[in-house]
Protein chains: 2
Amino acid sequence: MNVSGSQRATMLDVARLAGVSEKSVSRVVNREPHVSQKLRDKVEAAIAELGYVPDPAARSLAGVRSFTVGLWIDTRGLHYSMKLMEGAYEACRAHGYHLQVENLGSKIDDAAQVARLDNILRTSRLDGVIVTPLFSDNSAVMDFLESQGMPYARVSPFTHYGRAPAVFMDDAAAAGEVADLFVRNGHRFIGLVTGSPRHGAAVARRTGFLERIAIIAPDAVITEAEGNFAFEAGIAAGRQLLDVADRPTAIFATNDDSAAGVMTACAQLGLTVPDDVSICGFDDNLMAKSVWPYLTTVHQPIAELAQQAALLLIDRHADKRQTADVLLPHRLVERDTIRDLRTSEKVCRPAMGDDDA
Amino acid sequence: MNVSGSQRATMLDVARLAGVSEKSVSRVVNREPHVSQKLRDKVEAAIAELGYVPDPAARSLAGVRSFTVGLWIDTRGLHYSMKLMEGAYEACRAHGYHLQVENLGSKIDDAAQVARLDNILRTSRLDGVIVTPLFSDNSAVMDFLESQGMPYARVSPFTHYGRAPAVFMDDAAAAGEVADLFVRNGHRFIGLVTGSPRHGAAVARRTGFLERIAIIAPDAVITEAEGNFAFEAGIAAGRQLLDVADRPTAIFATNDDSAAGVMTACAQLGLTVPDDVSICGFDDNLMAKSVWPYLTTVHQPIAELAQQAALLLIDRHADKRQTADVLLPHRLVERDTIRDLRTSEKVCRPAMGDDDA
DNA sequence: ACGGCAATAGTCAGCGCTGTCAAGACAGCG
DNA sequence: CGCTGTCTTGACAGCGCTGACTATTGCCGT
């Protein structure tokens, strides 16, 4: 492998060194069928000797593929976006693809959004696009992509199933497990901090929780407060739920940020977590371990979702097998914010340093 | 502007419609000199009519430029990385450039790192690279980039000044302002939570703080504890600092995560912020408003740093004027975690809901 | 032994643009 | 009026690769 310097080797250099045609090199590089082992060996040796790497620009100009997939995100969801990027990046890197991230951030009307996307597609060659919340359910975006014949994969969609390959987790089932956890620990007076009803995940989590509770503990009393997934709103929701005479013994905040808000509300009201109030979040993001005690929450496999979505797009070309939806497993991460009412003990491992404060 | 469909227009289409040569279109598109106004008008009209957008792949194949800049980050610093991305992305978008983000994440030895970078450079055409902490001070990385003749800009370097254009803020001066704030509010028993001494910013903040204190309040008593910039370490450092008889009245944690940790330590020890202990962070990241009371901290203009760095790289081609280092302003954001010892009041706006708990 | 067919290898045009070179237009000057 | 120098425009090759096509080989059955 030559160490940079001079000029980078081209396919022609490899072909000459191996004593074959350029096209044969191309075939080996692209793993096309109908290539003899002997020729493949010769070419691969030459490639190794020259340290040859195909030029992406030439590849995308001459061919149909661009070896680039787009990732369309809203960077306002900091942790979420970063995890998506990590996952998509990893899948691309492993397959020699490039990732082109576009921040669709600001909420503008659909027409403007589509004009923006049109511009993105015009200025870049993409093999596919990973569409993430809250665009996963935006039919203007999907219509546009389809009108352009651009392959795309959806991360965590909640509507229009089957419209394009999707990768998701089962929010409702996960929320159901939280219900199980609460009931198992003897909680019957329960608070629920919801997200915006326009947010698919928020709705699924609420519904999944409520339905499960209705089955396993029909006698449970549930009070709801809207939290819109923000820390500050979580504080308000927490106070609303807790600053009453018959306050709940456990609160399910449907994302970690609002759960942290609820914990802050507890602190403000002089309530101890989990002794006075048990709390469960959802997402397992940075916040979950930036509060004390550490938050019991549902781990959402965000990076894996994006990774699978990228793979869906990459595989379209690699082997044209029909790609189906992918359901990824979640995991209830029991940390230190749930108390077992029946034994009067906290559940799971002891909270860090909770016995010497 | 034609609405997609059909084939995307090429430079030849524009040339024919305008009745000029392809090269003339190229000249107009690239704002080359020696083009008559008349010709320019004709071409621009044709471009608008066809909705022509140059093909980036063809452009980089035929020419020297790729209209792509790389951003090398370590995504473990979630908030920081995302802000860098936002800034770099914005600068690129505004100038018709693309951003190619590479996650250099895991800490491996320099040789392996360079091999990795070599691979990145081989597989992508880049006009320049934005190098960010902790790579900004890595001379193996700089040596490599220089050996490849790849232009690069450094974000927040702390050593090797002048080696390549740099964009940074004055960490030491900002830390000095925190010292001013503490002293102005009557604090003389002060705790300092440092970061790793291998982290340039950590060192600059510590030094800047200490030097300023020495000038304005030589009688002040300062206790230090290492916090390595993590929440958990902040808790430990906080306890170490506060769980003593003569505890400090104010603590400067040199980043927000460790400041949040210190706040948690206060809660664990039954101390109230800011009544018992005043706290100041550094960064103004997500944590600063995910704790209660909201954290007084120094706002670091991360997105702007990356934006300027991108601009440095882009301008190199636009107009070849010599590019110099850029110093961006910081801002002390006074929120609710500092108490004024002289008047026995908290400084700044009242903490949210602090009078009805 | 021969046609037929798959597997294998090569030829060549051209993707859409830019760099180089050269030609034409035009002004200034002796 | 011819000559030089500058501005403006165009012709053309080719960046590095792939897609479509053609040529060659080896193997089969009959």
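Below, read A as the first sequence line, B as the second, and so on, with proteins coming before strands; counting in each chain starts at 1. In what follows, every heavy atom counts, from backbone to side chain, and hydrogens, waters and symmetry copies are set aside.
For the residue pair Asn30(B) and Arg59(B), a side-chain donor N or O sits within less than 3.5 Å of a side-chain acceptor on the partner. Under 3.5 Å, the side chains of Glu102(A) and Gln100(A) contain a donor-acceptor pair of N or O atoms.
Residues passing the side-chain contact (heavy atoms from CB on, under 4.5 Å) test with Val101(B) are Met85(A), Leu71(B), Ile73(B), Met85(B), Leu99(B), sequence neighbours excluded. Tyr152(A) pairs by the ring-ring contact (aromatic ring centres under 6.0 Å, His included) definition with nothing, not counting sequence neighbours. Scored by the ring-ring contact (aromatic ring centres under 6.0 Å, His included) test, Tyr52(B) finds no partners at all (sequence neighbours excluded). Residues forming a salt bridge (Lys or Arg N to Asp or Glu O under 4.0 Å) with Asp143(B) (at least two apart in sequence, or on another chain): Arg163(B).
Comparing the helix axis at one end of the helix from dA1(C)-dT30(D) to dG30(C)-dC1(D) with that at the other, each defined from 5 consecutive pairs, gives an inter-axis angle of 40° (nearest 10°).
Using a 4.0 Å cut-off between charged nitrogen and carboxylate oxygen, Arg8(A) and Asp55(A) do not count as a salt-bridge pair.
Look at CE on Met11(A): it is 11 Å from P on dG19(D), rounded to the nearest Å. Residue Asp55(B) contributes atom CG, which lies 14 Å from atom C1' of dG14(C) at whole-angstrom precision. The nearest whole Å value for the distance from the CZ atom in Arg8(A) to the C1' atom in dC15(D) is 12 Å. Taking atom CD of residue Glu32(B) and atom P of nucleotide dT9(D), one finds them 12 Å apart after rounding to whole Å. Going from atom CZ of Arg59(B) over to atom C1' of dC17(C) covers 9 Å, rounded to whole Å. Between the CG atom of Asn30(B) and the P atom of dT9(D) there is a distance of 16 Å, rounded to whole Å. Put simply, CD on Glu22(B) is 7 Å from C1' on dC17(C), counting in whole angstrom units. Straight-line distance from the CZ atom of Arg122(A) to the P atom of dG16(C): 14 Å, rounded to whole Å.
Within the 4.0 angstrom heavy-atom criterion, no nucleotide atom of any strand lies near Phe67(A).
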Using the 3.5 Å cut-off, write out each protein N or O paired with an N or O of nucleotides 8-10 of chain C and the distance between them.
unit_1: dA9(C); atom_1: OP1; unit_2: Ser36(A); atom_2: OG; d: 2.6
unit_1: dA9(C); atom_1: OP2; unit_2: Ser36(A); atom_2: N; d: 2.9
unit_1: dA9(C); atom_1: OP2; unit_2: Ser36(A); atom_2: OG; d: 3.4
unit_1: dG10(C); atom_1: OP2; unit_2: Ser21(A); atom_2: N; d: 3.2
unit_1: dG10(C); atom_1: OP2; unit_2: Ser21(A); atom_2: OG; d: 3.3
unit_1: dG10(C); atom_1: OP2; unit_2: Ser24(A); atom_2: OG; d: 2.6
unit_1: dG10(C); atom_1: N7; unit_2: Arg27(A); atom_2: NH1; d: 3.3
unit_1: dG10(C); atom_1: O6; unit_2: Arg27(A); atom_2: NH2; d: 2.7

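The side-chain tip of Arg154(A) does not point at the ring of Phe168(A) from less than 6.0 angstrom away and within 45° of straight on.
You'll find the side chain of Leu39(B) stays beyond 4.5 Å of the side chain of Gln37(B), heavy atoms only.
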